[in-house]
Protein chains: 2
Amino acid sequence: MTRPNRPQTRPHSRVEIRQHNEATILSAAEKVFAEAGFGGATMQLIADMAGLPKANLHYYFPTKEALYRRVVEDIFQIWLHAADSFDAAEGPAEGIGAYIDAKMEISRAHPAGSKVWASEVMHGAPVIQDYLETTLRDWTAGRVAVINRWISEGKMAPVDGDHLMYMLWATTQHYADFGHQIEVLNGGPLSDADWQAAKTSVKEVVLRGIGVI
Amino acid sequence: MTRPNRPQTRPHSRVEIRQHNEATILSAAEKVFAEAGFGGATMQLIADMAGLPKANLHYYFPTKEALYRRVVEDIFQIWLHAADSFDAAEGPAEGIGAYIDAKMEISRAHPAGSKVWASEVMHGAPVIQDYLETTLRDWTAGRVAVINRWISEGKMAPVDGDHLMYMLWATTQHYADFGHQIEVLNGGPLSDADWQAAKTSVKEVVLRGIGVI
DNA sequence: TCTTTTTCTGACCATATGGTCAAGTTGAGG
DNA sequence: CCTCAACTTGACCATATGGTCAGAAAAAGA
């Protein structure tokens, strides 16, 4: 045997412990906040799901609100990066198509995160109001500018850029936020094929709707 | 002066009192549940907003959950009636166009209700699961059947009926559920003209997207 | 007017929850 | 080893909350 330079059983260095526990707590918190909302979530529930004593949560995150804030901020970052595909595109068919794909993937991979975000915004964005007013506002203005450029270049139909963005967000996030309703109507969880069909349907209607099909 | 057969100051008959108080409580509850979620809402807050002592709420609605249930059920009814315009239509341009109009009007007139519904579904529909499985399921199947008929008659492009319904719900309800975010990006509340533009944009993209423009 | 039924409400209670703390345990550095 | 700092956690506390209740007030009916 080679020497066990990285022990598999107990890799408990200080930084490892911290990273691992924070990640575990954040993951559990995301689920609980998504399922119960901020008010309905309890630190005890999060602690149980994380497999840690409640007091330990307060060691890493001083208050429930601080923990919630971290969850929302992390989601926001993931959420913003979906725009990368948008920017690198030559025209709307490629750019918006890729953006829909990316956002649908996020809805599938991070449904809890999307729900927390939705809940936060629905309740008036008490903790990320500043993000809305700065980061999101600038971000949106940038995408709308791209859309307007495409329109002026005759690459797509002249639709309102802001409302188009809202449509993209709404349609894609709906599959996460209203996933439960969709599953009920679908008669069970969406299969790989179902998700493919969803992506195809959304892209088809939207892309034809902006005149690029 | 004519005789005051209907006294303006104190029309306090038994049924009037009951109707008035129930309506007041339900209205206040809708707002508070929308703003704070079920878990974050408190009976005291609802009571204050309704201008009644807390104990009085429990006289009309035995528990917080019973009150919440009534709020959700009332919303669901309004929500379903938006389909009337859908059914009476000859073709998709008229039917789906009218449905979008109706749902946009609801988003504008009952944003709190829409949020409560969204929150309920996001949390796994703990109180209206049966409605989803029965009423909503049948309702949706009916509309999808109409869509498929239109498709088979060549009146619109062959898009998946279920996913089209999801798109309609998502795009229209987004203006209620994410109204706060939209207002921030818009730089203030949506004016009449803004709402008109929103309706026009949504209808334009969707109707062109299903090939009826 | 008198009785009955409904409505109203301040005071109260049991419980749950966010958060604290002091005493332990464990890894890191010397 | 030994010391120190980081981490862990059971027990505890103050508060807030959903819900109860007994008695007052008011309307309906006789």
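Note on naming: letters A, B, ... go to the chains in the order of the sequence lines (proteins, then strands), and numbering restarts at 1 for each one. Hydrogens, waters and symmetry mates play no part in the numbers below; they use all other heavy atoms, side chains included. These numbers come from a predicted model, not from an experiment.
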Whole-Å gap separating [atom2] ([N]) and [atom1] ([X]):
X: A:Y68; N: C:dG18; atom1: OH; atom2: P; result: 15 Å
X: B:E16; N: C:dT7; atom1: CD; atom2: C1'; result: 15 Å
X: A:Y60; N: D:dT8; atom1: OH; atom2: P; result: 4 Å
X: A:H58; N: D:dA14; atom1: NE2; atom2: P; result: 17 Å
X: A:I46; N: C:dA16; atom1: CD1; atom2: P; result: 18 Å
X: A:K64; N: C:dT17; atom1: NZ; atom2: C1'; result: 8 Å
X: B:M43; N: D:dG19; atom1: CE; atom2: P; result: 6 Å
X: A:N56; N: D:dT9; atom1: CG; atom2: P; result: 6 Å

### Message
Tell me if the aromatic rings of B:W169 and B:W79 count as close, with their centers under 6.0 Å from one another.
### Response
yes
#### Entry: Touch class at under 4.0 angstrom, heavy-atom based, for A:A41 against every strand present
sugar-phosphate
### Summary
When A:Y59 and A:A55 are each assigned the nearest nucleotide of DNA chain D, the 5'-most assignment goes to A:Y59
What's the closest nucleotide to the [X] side chain, out of [options]?
X: A:K54; options: D:dG18, C:dG19, D:dT9; result: C:dG19
X: B:N21; options: D:dT8, D:dC7, C:dC8; result: C:dC8
X: A:P53; options: D:dG10, C:dT9, C:dG19; result: D:dG10

#### Entry: Minimum-distance pair of heavy atoms, taken over all atoms of B:I46 and B:I25
CG2-O, 4.2 Å
### Message
Ignoring hydrogens, what is the shortest heavy-atom contact between A:T42 and A:V32? Give both atom names and the distance.
### Response
N-CG1, 4.5 Å
### Query
Between B:L57 and B:R14, which has a closest nucleotide on DNA chain C that is more 5'?
B:R14
### Message
Please evaluate residues A:Y68 and A:W117 with respect to the criterion ring-ring contact (aromatic ring centres under 6.0 Å, His included), reporting the C-alpha separation (whole Å), side-chain torsions for both, the decisive distance (0.1 Å), and the verdict.
### Response
CA-CA 11 Å; A:Y68 174 75; A:W117 173 266; over 10 Å; no
#### Entry: B:H81/B:F76 under ring-ring contact (aromatic ring centres under 6.0 Å, His included): CA gap, chis, key distance, verdict
CA-CA 9 Å; B:H81 278 307; B:F76 189 58; over 10 Å; no
